[in-house]
Amino acid sequence: MEIINIHDFKNLNPKHCIEIQKNLIDKLELKPFNKFPEIVAGVDLSFLNDLGIAIIVVIDETFKLVDLVYHYQKIEFPYIPGLLAFRELPVFLEAWKKLKTKPDLVFFDGQGIAHPRKMGIATHGSFFINLPTIGIAKSRLYGTYDEPCIQKGCFSYLYDKSKNKIGVVLRTREKVKPVFVSPGNYITINEAKEITLEYTSKYKIPEPTRLAHMYSQKIKKEISG
DNA sequence: GCGACAG
DNA sequence: ATCTTGTCGC
């Protein structure tokens, strides 16, 4: 069975998907990235009936927009908690082909290894683009944690059932609900947290993902008329 | 069997 | 994610 051919995603049932995720665990490399990414991309999808619209924004360390591409196509896979990658990665990868600027790192909207099988969309996606990735989720999918203090920069670790760290619950803005940050691949948990804070401006959601979401809503309106 | 459950 | 307006609090 082909393990990661994205074109076969739509023909898979949930059990196949879970097997694929389990088989990919050997490819996970949570090693230090050891550099600050000066050019990063942010990914997000919006939906219009049966269309999925993927947008990728590329910004520099001053949050200036460097590049932007998007792609939309029919969604072939339902939303199933734990299997988000199978729904969204096919659309994302088509948009990725259009990108001319190669970022140093990519932020995804969703989990990285903070996932039942350590295979959230940021992790799964890294195998296709071969770049370090970070998952930024607005809510928890998996793991246990204590509430972090209320100041910006406060954080607590997310743990799996074996008490291993799988990410952080990070307060990116004072008195506002924290975000769930986990490394996708080719980066450590602490690097993911630090880089996320560096790329956070005055809002709860870090700039790469926030801008991607903003533009995907804008593009959706253009498409709908 | 009963909850939990990214977007 | 999406459907949708005003409103409470810093």
Side-chain angles (χ1 to χ4, degrees), chain A residues 9-10 14-15 17-18 20-21 24 28 42-57 70-93 95 106-126 133-145 149-152 154 158-161 166-185 189 192 196 202-206 208-225:
Chain A
F9 277 13
K10 62 173 175 291
K15 284 192 176 183
C17 293
I18 289 172
I20 288 173
Q21 292 181 327
L24 285 171
L28 183 62
V43 184
D44 189 46
L45 270 79
S46 61
F47 297 85
L48 180 58
N49 298 318
D50 60 343
L51 286 183
I53 306 160
I55 201 235
I56 303 172
V57 297
Y70 69 86
H71 174 82
Y72 56 89
Q73 64 184 40
K74 185 179 179 188
I75 287 292
E76 312 272 12
F77 199 92
Y79 169 68
I80 300 173
L83 302 182
L84 182 66
F86 296 88
R87 174 178 173 83
E88 301 194 344
L89 283 184
V91 196
F92 157 68
L93 289 171
V106 180
F107 284 84
F108 280 84
D109 194 348
Q111 315 289 349
I113 61 168
H115 177 282
R117 292 166 293 281
K118 295 189 177 3
M119 209 46 66
I121 188 167
T123 304
H124 201 153
S126 75
T133 59
I134 294 175
I136 304 292
K138 296 178 286 296
S139 62
R140 184 201 76 105
L141 168 67
Y142 183 77
T144 57
Y145 66 97
C149 60
I150 64 172
Q151 284 76 43
K152 173 173 180 173
C154 283
L158 244 187
Y159 296 91
D160 64 14
K161 289 178 179 174
I166 55 175
V168 298
V169 183
L170 178 64
R171 194 84 65 180
T172 49
R173 184 174 170 171
E174 189 172 326
K175 299 175 185 173
V176 172
K177 295 242 297 176
V179 293
F180 295 76
V181 179
S182 58
N185 207 355
I189 289 176
T196 295
K202 56 190 293 190
Y203 307 95
K204 164 185 172 177
I205 305 296
T209 301
R210 190 183 72 82
L211 291 172
H213 184 266
M214 220 182 73
Y215 282 109
S216 71
Q217 292 298 318
K218 184 178 177 183
I219 290 166
K220 183 174 74 168
K221 284 190 177 180
E222 291 178 8
I223 293 174
S224 62

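Proteins come first, then strands; the chains are lettered A, B, ... in the order of their sequence lines, and each starts at number 1.
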Grab the stems for DNA chain C, please: at least three consecutive Watson-Crick or wobble pairs, both distances below 3.5 Å, written as range with range. none

A/V169 side chain near A/R140 side chain, heavy-atom distance below 4.5 Å: no

Can you measure A/L51 atom CG to C/dT2 atom C1' for me and round it to whole angstrom units? 14 Å

Could you go through residues 171-183 of chain A and list every donor-acceptor pair under 3.5 Å that involves a side-chain atom there, pairing it with any protein atom two or more places apart or in another chain?
from	atom 1	to	atom 2	distance (Å)
A/R171	NE	A/C149	O	2.9
A/R171	NH1	A/V176	O	3.0
A/R171	NH2	A/P148	O	2.5
A/R171	NH2	A/C149	O	3.3
A/T172	OG1	A/K204	O	2.5
A/R173	NH1	A/K202	O	3.4
A/S182	OG	A/G112	N	2.7

Heavy atoms, side chains only, cut-off 4.5 Å: are A/V91 and A/Y72 in contact? no

I'd like to check A/T123 versus A/K118 (side-chain heavy atoms, cut-off strictly below 4.5 Å). Are they in contact? no

If only atom types and distance count, is the side chain of A/Q111 paired as donor or acceptor with the main-chain N or O of A/Y142 below 3.5 Å? no

Apply side-chain hydrogen bond (donor to acceptor under 3.5 Å, both in side chains) to A/S126 and list each qualifying residue two or more places apart in sequence or on a separate chain. A/N185

Indicate yes or no: at least one non-hydrogen side-chain atom of A/I219 is less than 4.5 angstrom from one of A/S46. no

Do A/R87 and A/L45 make a side-chain contact, defined as non-hydrogen atoms from C-beta onward lying under 4.5 Å apart? no

Return a single string for nucleotides 4-10 of chain C, one symbol per nucleotide in 5' to 3' order, where B is base contact, S is sugar-phosphate-only contact and - is none, cutoff 4.0 angstrom on heavy atoms. ------S

For nucleotides 1-7 of chain B, just jot down a letter per nucleotide in 5' to 3' order: B, S or -, based on protein non-hydrogen atoms under 4.0 Å. ---SBBB

Just so I know, are the side chains of A/Q21 and A/F86 near enough to count as touching, which here means a heavy-atom distance under 4.5 Å? yes

Under the rule for side-chain hydrogen bond (donor to acceptor under 3.5 Å, both in side chains), what residues qualify as partners of A/H71, not counting sequence neighbours? A/Q73, A/K98

